[in-house]
There are 2 protein chains.
Amino acid sequence: MQKETLSKNQKIILDYIEKVNEPIKAYSILHNVQKKGIKAPPQVYRALDKLVEIGKIHKIESKNAFVACKNSNCQISKATAFSICESCEEVSEISDHKLSKYLKTFQEKAGMKFNKYNLEFFGLCKKCSIK
Amino acid sequence: MQKETLSKNQKIILDYIEKVNEPIKAYSILHNVQKKGIKAPPQVYRALDKLVEIGKIHKIESKNAFVACKNSNCQISKATAFSICESCEEVSEISDHKLSKYLKTFQEKAGMKFNKYNLEFFGLCKKCSIK
DNA sequence: TTGTTAATTGTTATAATATAACATTAAATA
DNA sequence: TATTTAATGTTATATTATAACAATTAACAA
Ligand SMILES: [Zn+2]
Ligand SMILES: [Zn+2]
Ligand SMILES: [Zn+2]
Ligand SMILES: [Zn+2]
């Protein structure tokens, strides 16, 4: 799905999420797009739902925050993995073909009809490990 | 950590979560333990925090729900994986040594000082796949 | 083009989830 | 026992998310 096919509010909100370039919360988005005419939570949540559905953004479940997808080659809104630094709060999306293949086949072997997964790693990023 | 070392509220709430034997939400817990004298959200959330910390329960992040740990041999509140059926809502904890080893070493190779992870698979369970 | 349907938007209110703050009590331990 | 740490009780409030419904716009077939 291309950016051009997005609706007005979806575009405004995706633009903002891509601009901030780090996980951001729904109400923070709301505050920051009010100047663009988006006034109420449902308008934000609807756009977020759609953007998650089409894989333009992901939800970091442990943080109730949303981040733009960095994997241009990842059609997979359905297989997400993140590293989350518990010190500086940096979040980065993991794009590792082997990992996603491993997890998909793991789940299929386990007898479930696989649809998607979300994996969140917590620890200290490289920078924070040194300190 | 043994059950005997838990405080009164922690015991009440763990007992209840173990009894229901499926993911349950904080306010649902609250309603169900009021007869035991637990009256307000902070009492529930404090106990939940502690029980998560010591690995007696886990939080299913995508559902904001809590479930008792089934892995008696898993000390690892730090490495959790779940299968979640999108049809019947059944949640089961995955206890697979290979998987946890794979994920831990994966993250260490990636340069992060690993602390924990949470993995949630979504799809259709065996029962629901047949229908 | 026009009627029909589906998608999106705007709006108000409210539900559901979680924490702040502070006083009190109980338990651990030096 | 004195001290300090953990747990509790309580009220209020913050944060996250959805319900419900009216109005508007876009998509598309007749
Ligand atoms: Zn992505
Ligand atoms: Zn860091
Ligand atoms: Zn467990
Ligand atoms: Zn099922």
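Below, chains carry the letters A, B, ... as their sequence lines are ordered, and counting in each starts from 1. Heavy-atom basis, side chains included; hydrogens, waters and symmetry copies ignored.
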Counting only side-chain N and O atoms of [X], is one of them less than 4.0 Å from OP1 or OP2 of [N]?
X       : N      : value
A:Gln43 : C:dT9  : no
A:Asn9  : C:dG10 : yes
B:Ser7  : D:dT8  : yes

In whole angstrom, give the distance that lies between atom [atom1] of [X] and atom [atom2] of [N].
X       : N      : atom1 : atom2 : value
A:Leu30 : C:dT9  : CG    : P     : 15 Å
A:Ile60 : D:dT16 : CD1   : C1'   : 16 Å
A:Lys36 : C:dT9  : NZ    : C1'   : 17 Å
A:Leu48 : C:dT9  : CG    : C1'   : 15 Å
B:Lys39 : D:dA7  : NZ    : P     : 21 Å
A:Lys11 : D:dA26 : NZ    : C1'   : 12 Å
A:Lys50 : C:dA6  : NZ    : P     : 15 Å

- side-chain contact (heavy atoms from CB on, under 4.5 Å) partners for B:Asp49, two or more places apart: none
- Passes side chain to side chain donor-acceptor pair (under 3.5 Å), A:Asn115 versus B:Glu86? Steps please. CA-CA 9 Å; A:Asn115 182 25; B:Glu86 291 174 311; 2.9 Å; yes
- Item | Side-chain H-bond candidate by donor/acceptor type, A:Glu93 with A:Thr80, under 3.5 Å | no
- With DNA chain D as reference, determine whether B:Ala40 or B:Lys8 sits nearer its 5' end, using the nearest nucleotide of each. B:Lys8
- Message: Return a single string for nucleotides 16-30 of chain C, one symbol per nucleotide in 5' to 3' order, where B is base contact, S is sugar-phosphate-only contact and - is none, cutoff 4.0 angstrom on heavy atoms.
- Response: -BBBBBB--------
- Task: Compare every heavy atom of B:Ser62 with every heavy atom of B:Ile84, then report the nearest pair and how far apart it is.
- Result: CD1-OG, 3.7 Å
- Task: Determine the minimum heavy-atom distance between B:Pro23 and B:Val67, stating which atoms define it.
- Result: N-CG2, 3.9 Å
- Message: For the residue pair B:Lys104 and B:Phe114, would you count it as a cation-pi contact if the rule is NZ or CZ under 6.0 angstrom from the ring centre and within 45 degrees of the ring axis?
- Response: no
- Item | Given D:dG9, D:dA7, C:dT9, the nucleotide with the shortest approach to the side chain of A:Gln10 | C:dT9
- Contact list for residues 120-130 of chain B, test salt bridge (charged side-chain N to carboxylate O under 4.0 Å, His left out), sequence neighbours left out: B:Glu90-B:Lys127
